[in-house]
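Here is the structure we will look at, set down as C-alpha cells.
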Amino acid sequence: GALLGDTPLGVRFGAVVLSAGSAWLLFDLGRMMYGPAAGAVAAIGFQIIPSLSVGSIFAFPDAPFTFFWILALWALWRARTWGRTYDWYLTGLAAGLAALSKLTALFLAISLVGYVCATRSERRWLRRPEPFLAAAIALAVFLPVVLWNANHGWSTFHKAREPVPWIVTGVPVLNALAFVGAQLAYYGPLTFPLLIVALVIPIMGMRRSDPRSAFLAWGALPIVGMTWAASFDGIPKPHWHAPGLLLALIAAGALWPSFRPRLAWRVIVAVSVFLNLAVIGALVALPFRMDSPSAGQIWGWDQVARELEPVIQATPSSPGRFILTQRYQVAGPLELHLRGRHVVATTFGGDAYDVWVPHQRLIDHNAIYINDLASGPGVPIDRIFRRVETLPPIEVRLNGRVVRQFSVYRGFGFRGLPRPVAFPDYPGKGRLQHRR
C-alpha cells in the first residue's frame, strides 16, 4: 500500500512477492536435498496447484505464513548440512515470524523439534547451543503477541481454542469426507492423490535412517495429520495444511526421475497438470465475465462506497456513528474504499474487528447496517438497535446488469449483540453475543 497506494494491486503486492519467494525457497530446498531437477519439479508444482497459484494473489495471512514456514525449513536444512551458526539463527527468526502470521505455526515448531530430537543423525545438535538459541529467538519474536494477549483477555488464544467449524453436517465421518473432497478442488483432482502418495514414501523411509526422508516426513506430518484429525469435527479449511504439502512437492520431485520412464505415470502427470491449469484458468477468468456470479464479488466496491457515503452522512453522528456488517469479507473492502473515514464493525463476534472495535464502545451509537444478501439483514437487527429504518438497497451494476445487491438499514441506538442467536444465513458460522 505504501508503494503502490490503496489499490487492489497495492494490497496484494506483498502476497505476490512472498509467494514468488516461497517458490524459490522450495526450489532451492529441493535442489539441496535431491538435486536441481527435484527443486524444479517442486517449484513448478507450486505454480500449478490451484489453491497455491490463485491464493498467491490474495492478501491473506497464508502468504507470509507459507513463506516463513518454508524459510525456516530451508534454513534448518542449511544449518544441519553446513553447521553455520547464522543458519540456526535464521531458522529461529523465520519460525517466530511464521508464528506472528498464524498460530498454526505451532505445528512448525513440532516439525523442527521433532526432526532434531527424533532423527538419530541430528541428535548431535542437542549437545550444542545453536538449536536452543534458535528457539530463544523464535520465542523472543513471538513475545509481543503474548504480551498483547495478556493485556486483552487472551483473545487470540481463545479464538484458536474455540474455532468455528467450516463444515457442519452433524456426522463426523461426513465432515471428514467433505474435507477430503474439498482437497480435490483445492489441490487438483489428480494432483492431490499424487501428493499424498509422494508423502507416504518419505514416511516409510524414516525407518531407514535417511535424514532426507525424516526431514520431509517431520516437515509435513504434524500439520497434515492434525488437520485431517480435526476434519472429523468439521473445523479445518482445506488450505490450512498447505505448508505441509509443500514438502510433498519436494518428495514428488525426488521420485519423478524413477517414475518418468513409465508411460502410464507420464500420462497421469500430464492429465493432472492439464486439469490444474484448466481450473486455474477458469478461476482467473471467471471474475472478468460480467455475467458470472463472482463478478459481483470482485467488482463494484467503489460503487458501493460511493452510494453508501451520503447515507452515512445522513445518519445522526451524536453520540457517534459507525458501519456494521455481518462478515469481514464485506467489512474489509468497504473500509478500504471508504478510505478509513468511518468506524467499521462486524456482528460476527470473535473476529479481528471485534478486537479492533470492541462493541462496548459503540453502545448507543447510530449505524448503517449493510448486508450482501439482498433477501434481508441476515441477523436480528431489531434486537441490536432500539429503532431500525429500512433503506433502499444498493446495487452493483456492470454493463447495465445488476450483479450484486446489498440490503441497507439505519439503526438508532446500538444495544450490543444479543445472545444466543444463530446466524440464519450462515448456520454454524458463529454466534451473536451480548456484551452489555
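Here the CD1-CD1 distance, from Ile394 to Ile370, works out to 4.5 Å after rounding to the nearest 0.5 Å. The distance from the CD atom of Glu307 to the CG atom of Asp302 is 10.0 Å, given to the nearest 0.5 Å. Here Ile48 contributes atom CD1 and Ser272 contributes atom OG; the two are 6.5 Å apart, rounded to the nearest 0.5 Å. Glu389 contributes atom CD, which lies 8.5 Å from atom CD1 of Ile368 (distance to the nearest 0.5 angstrom). Rounding to the nearest 0.5 Å places CH2 of Trp240 at 11.5 Å from OG of Ser231. With values rounded to the nearest 0.5 angstrom, Asn149 atom CG is found 3.5 Å from Thr156 atom OG1.
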Check the pair Leu247 / Leu73 against side-chain contact (heavy atoms from CB on, under 4.5 Å), numbers first and verdict last. CA-CA 10 Å; Leu247 280 300; Leu73 294 173; 3.5 Å; yes

Check the pair Val379 / Tyr369 against side-chain contact (heavy atoms from CB on, under 4.5 Å), numbers first and verdict last. CA-CA 10 Å; Val379 295; Tyr369 176 79; 3.3 Å; yes

Pair Val271-Val267, side-chain contact (heavy atoms from CB on, under 4.5 Å): steps then yes or no: CA-CA 6 Å; Val271 172; Val267 172; 4.2 Å; yes

Could you give me the CA-CA distance, side-chain angles and deciding distance for Trp24 and Phe27, then say whether ring pair (Phe, Tyr, Trp, His ring centres under 6.0 Å) is met? CA-CA 5 Å; Trp24 184 87; Phe27 161 77; 7.2 Å; no

side-chain contact (heavy atoms from CB on, under 4.5 Å) assessment of Trp74 paired with Leu71: CA-CA 5 Å; Trp74 177 83; Leu71 177 62; 3.7 Å; yes

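Looking only at distances, a side-chain donor or acceptor of Thr91 sits under 3.5 Å from a matching main-chain atom of Leu76. Remark: side-chain polar atoms of Asp382 are not paired, donor with acceptor, to backbone N or O of Val388 under 3.5 angstrom.
Other residues, nucleotides and ligands contribute over 12 non-hydrogen atoms within 6.0 Å of the CE atom of Met32. More than 12 heavy atoms of other shown residues, nucleotides or ligands fall within 6.0 angstrom of atom CZ in Phe412.
Every residue was checked against the side-chain hydrogen bond (donor to acceptor under 3.5 Å, both in side chains) condition with Thr390, not counting sequence neighbours, and none meets it. With sequence neighbours left out, the side-chain hydrogen bond (donor to acceptor under 3.5 Å, both in side chains) criterion links Gln303 to no other residue. Remark: Trp77 pairs with Phe215 by the ring-ring contact (aromatic ring centres under 6.0 Å, His included) rule, at least two apart or across chains. Arg260 meets the side-chain hydrogen bond (donor to acceptor under 3.5 Å, both in side chains) test with no other residue; sequence neighbours excluded. Tyr187 pairs by the side-chain hydrogen bond (donor to acceptor under 3.5 Å, both in side chains) definition with nothing, not counting sequence neighbours.
You'll find the side chain of Arg386 reaches within 4.5 Å of the side chain of Asp364, heavy atoms only. Counting heavy atoms from C-beta on, the side chains of Val269 and Trp256 come closer than 4.5 Å. Put simply, the side chain of Trp218 does not reach to within 4.5 Å of the side chain of Val116, judged on heavy atoms.
Of all heavy-atom pairs spanning Phe67 and Ser22, the tightest one is CA-OG, 3.2 Å. Ala63 and Ser19 get closest at one heavy-atom pair: CB-OG, 4.5 Å.
Of the candidates Ile280, Thr66, Leu246, Leu246 is the only one forming a side chain to side chain contact (heavy atoms under 4.5 Å, CB included) with Leu52. Applying side chain to side chain donor-acceptor pair (under 3.5 Å) to Arg321 and the options His365, His342, Gln313 leaves one that passes, Gln313. For the ring-ring contact (aromatic ring centres under 6.0 Å, His included) criterion with His241, the lone passing option out of Phe179, Phe65, Tyr186, Trp69 is Phe179.
Taking the six-membered ring where tryptophan is involved, the planes of Phe157 and Trp154 are tilted, since the angle between them lies from 30° to 60°.
Aromatic rings from Trp265 and Phe259 are positioned such that their centres are separated by under 6.0 Å. Under the 6.0 Å cut-off for aromatic ring centres, Tyr409 and Phe385 do not qualify, their centroids lying 6.0 Å or more apart.
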Acceptor/donor pairs from residues 98-110 side chains to any protein atom, 3.5 angstrom cut, sequence neighbours excluded:
from   : atom 1 : to    : atom 2 : distance (Å)
Ser101 : OG     : Leu97 : O      : 3.0
Lys102 : NZ     : Asp62 : OD2    : 3.0

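Thr315 and Asn366 share no side-chain donor-acceptor pair at under 3.5 Å.
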